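Encoded as structure tokens, the structure appears first; notes follow it.
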Amino acid sequence: MDVKKIAVIGAGAMGNGIAQVGLMAGFTVAMHDVEQRFVDRGVNTIKESLDKFVGKGKITEDQKKDMLARLLPTTDLKAAVADADLVIEAVFEDLGLKKKIFADLDAFAPERTILASNTSSMSITEIASATKRPGNVVGMHFFNPAVLMKLVEVIYAKHSADAAIQATFEVAKKMNKVPVIVKKDSPGFIYNRVNAPTALLLQLILESKSPTPAQFDAAFKTLMPMTPFELLDYVGLDIVEHTQKYYSETLSKDYTPRKALVDLVSSGNLGKKTGKGLYDWSAGRPAIDTSNPTTEYDFTHMVALQVNEATKLLEEGVVNDPRDIDLAMANGGGGIGPFTIAKSIGYDKLVARCTELADKFGIETFRPTRTMKEGKIQV
Ligand SMILES: NC(=O)c1ccc[n+]([C@@H]2O[C@H](COP(=O)([O-])OP(=O)(O)OC[C@H]3O[C@@H](n4cnc5c(N)ncnc54)[C@H](O)[C@@H]3O)[C@@H](O)[C@H]2O)c1
């Protein structure tokens, strides 16, 4: 299928970023939102971002004009999708809303049109059930900020046709992204799933009160641009609580949000966006006291949990090739894929780390898998 026109539904943070990526790849892009002011805000964000590209000499003023001429902002859903080849939905993360929109898209878009959702967590299969074309419904999961982040997870829902997946994959490639196919519609897909147990470990450490976030982060300061607890604050503790709750309902009760996290959220200390969370963000990035790093945890604990979760994706058939997981993790923000790191640390050590954490916290999610214990994965 030759995709020429894309319609993006929702002009918020992700929607306008996806629309811009589409314009930069040469597509005609309709961008829809419910109110003119939301559409205008999205258009302005795109203009400002394109201006930066011009300023850096990455595109010319003429190219910018050409891109903006291909942008069709609208509050009319019917008009937005009438002749679209691919629709990418990026509205609020609300299943009822998404199903309602997919039913409308099904009614308004041509039969051949592929309908994709950018949901971070919801079942694409469930969303597709609102349509009469489940074969033409797929997941197309961009990462934030969509203009910069390379990874796009292209997700098979239960009934997605190979042709729809392939066409979506090609669009992502044309957008200069790194698409990775997710074979099975499963909570967290690849990137978020592999990171799920490390977020669980952090909330368990928070609950146990020792080490403190600063003592823990101090041990990671030289290894990563943003340390683990600082990252939770950056993402937003409400979002962390929400996703852990979602995993508690879909993966394991182990993920149930613990009191320390819940209390922070209910007191309004959500992290960067409220100026205070685990750290004080009122004067910009927090100054983390690195004088007293923990010796109880190091990099290998975090990696062990990630590699272990990645092996579950293989065992569950969410991904068939471990290189796809490494590709996804490296391009979603992780730098280096977990299996590549595992090769240098050694599976014996990682298995020991998983067992140590599973026993210490009584958490089966941390228990090493059969594949971990075999330690034979080649990337
Ligand atoms: N923000 C992220 O980090 C991120 C990353 C990947 C995926 N996602 C997913 O992308 C989706 C959008 O997230 P976001 O961060 O852009 O949210 P956002 O709140 O910035 O934007 C959502 C937009 O949807 C619009 N909207 C609401 N109802 C609508 C309707 N009926 N029709 C058209 N537009 C409607 C809103 O007006 C708003 O502009 C969610 O499913 C989210 O899970 C978010």
Side-chain angles (χ1 to χ4, degrees), residues 150-151 153 155-156 178-205 211 216 219-220 222-224 227-228 231 243-244 247-248 250-255 293-379:
K150 285 282 183 196
L151 175 62
E153 294 174 336
I155 304 137
Y156 267 93
V178 176
V180 174
I181 292 179
V182 182
K183 295 273 184 190
K184 208 158 129 188
D185 187 10
S186 152
F189 311 126
I190 302 174
Y191 189 83
N192 290 337
R193 170 77 182 271
V194 170
N195 283 313
T198 51
L200 171 58
L201 175 64
L202 295 180
Q203 71 141 329
L204 294 171
I205 291 173
F216 187 90
F220 290 81
T222 55
L223 298 172
M224 41 185 74
T227 47
L231 189 60
T243 39
Q244 291 277 300
Y247 293 136
S248 76
T250 52
L251 290 175
S252 160
K253 288 257 176 300
D254 286 349
Y255 285 97
T294 180
T295 50
E296 204 177 336
Y297 299 98
D298 63 32
F299 182 59
T300 59
H301 290 95
M302 303 289 268
V303 171
L305 294 184
Q306 289 181 328
V307 177
N308 194 42
E309 205 63 21
T311 62
K312 292 182 200 172
L313 292 177
L314 296 174
E315 291 182 356
E316 292 166 16
V318 178
V319 186
N320 292 339
D321 188 336
R323 285 171 300 188
D324 280 347
I325 297 181
D326 269 15
L327 192 64
M329 298 311 291
N331 287 283
I336 307 174
F339 292 124
T340 304
I341 304 177
K343 219 163 40 178
S344 63
I345 297 177
Y347 280 90
D348 288 351
K349 183 158 188 185
L350 296 176
V351 166
R353 287 306 199 202
C354 288
T355 306
E356 174 196 330
L357 292 173
D359 290 343
K360 184 176 199 169
F361 291 101
I363 291 289
E364 285 312 298
T365 293
F366 296 161
R367 191 77 58 201
T369 62
R370 174 182 49 76
T371 311
M372 270 302 263
K373 287 192 242 170
E374 284 169 6
K376 287 186 191 145
I377 291 179
Q378 295 295 329
V379 284

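Computed from a predicted model, the values in this text were never measured in an experiment. The chain is numbered in sequence order, starting from 1. Any value given below was found using the heavy atoms of this structure, including those in side chains, with hydrogens, waters and symmetry copies removed.
The CG atom of Leu251 sits 4.5 Å away from atom CZ of Arg193, with the distance rounded to the nearest 0.5 Å. Between atom CG of residue Asp324 and atom CZ of residue Phe339 there is a gap of 11.0 Å, rounded to the nearest 0.5 Å. For the atom pair OG1 of Thr294 and CD1 of Ile205, the computed distance is 8.0 Å after rounding to the nearest 0.5 Å. Atom CG of Leu201 sits about 9.5 Å away from atom CD1 of Ile363, to the nearest 0.5 Å. Between the OG1 atom of Thr311 and the CZ atom of Arg370 there is a distance of 9.0 Å, given to the nearest 0.5 Å. Between Lys253 atom NZ and Thr365 atom OG1 the span is 11.5 Å, to the nearest 0.5 Å.
Qualifying ring-ring contact (aromatic ring centres under 6.0 Å, His included) partners for Tyr247, counting only residues two or more places apart in sequence or in other chains: Tyr255. Among residues two or more places apart in sequence or in another chain, the ring-ring contact (aromatic ring centres under 6.0 Å, His included) test is passed with Phe220 by Phe216.
Using a 4.5 Å cut-off on side-chain heavy atoms (C-beta onward), Glu364 and Ser252 make no contact. Counting heavy atoms from C-beta on, the side chains of Phe366 and Asp254 never come closer than 4.5 Å. Side-chain contact between Leu305 and Arg353: absent, with no pair of heavy atoms (C-beta onward) separated by less than 4.5 Å. No side-chain heavy atom of Phe189 sits less than 4.5 Å from a side-chain heavy atom of Val180. Residues Lys183 and Ile155 have side chains not in contact (no heavy-atom distance under 4.5 Å, counting atoms from C-beta outward). Side-chain atoms of Tyr156 and Lys184, non-hydrogen and from C-beta on, never get closer than 4.5 Å to each other. Counting heavy atoms from C-beta outward, Met302 and Leu202 have side chains that approach closer than 4.5 Å.
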Going through the checks in order, is the side chain to side chain contact (heavy atoms under 4.5 Å, CB included) test met by Ile341 and Phe299?
-> CA-CA 11 Å; Ile341 304 177; Phe299 182 59; 4.2 Å; yes
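Shortest non-hydrogen contact noted between Tyr297 and Pro211 is CE1-CD, 3.6 Å. What you find for Ala330 and Gly337 is that their closest heavy atoms are CB-N, 4.2 Å. When every heavy atom of Ala304 is checked against every heavy atom of Cys354, the shortest pair comes out as O-SG, 3.5 Å. When every heavy atom of Leu314 is checked against every heavy atom of Val319, the shortest pair comes out as CD2-O, 3.4 Å. Contact record, Leu350 with Ala342: CD1-CB, 3.6 Å, taken as the closest heavy-atom pair.
When the shell of 6.0 Å around NZ of Lys360 is examined, it contains more than 12 heavy atoms from other residues, nucleotides or ligands.
Checked by atom type and distance alone, the side chain of Asn308 pairs as donor or acceptor with a backbone atom of Thr369 at under 3.5 Å. Formation of a donor-acceptor pair under 3.5 Å by the Asn331 side chain with backbone atoms of Val178 is not found in this model. Not a single donor-acceptor pair under 3.5 Å links the side chain of Gln306 to the backbone N or O of Thr198. Glu153 contributes no side-chain N or O that, together with a main-chain N or O of Val182, makes up a donor-acceptor pair within less than 3.5 Å.
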Please set out all donor-acceptor pairs under 3.5 angstrom arising from side-chain atoms of residues 372-379, sequence neighbours excluded.
none

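A salt bridge is defined here as a Lys NZ or Arg NE, NH1 or NH2 lying under 4.0 Å from an Asp or Glu carboxylate O, and Glu309 with Lys312 meets this definition.
Glu356 and His301 share a side-chain donor-acceptor pair at under 3.5 Å.
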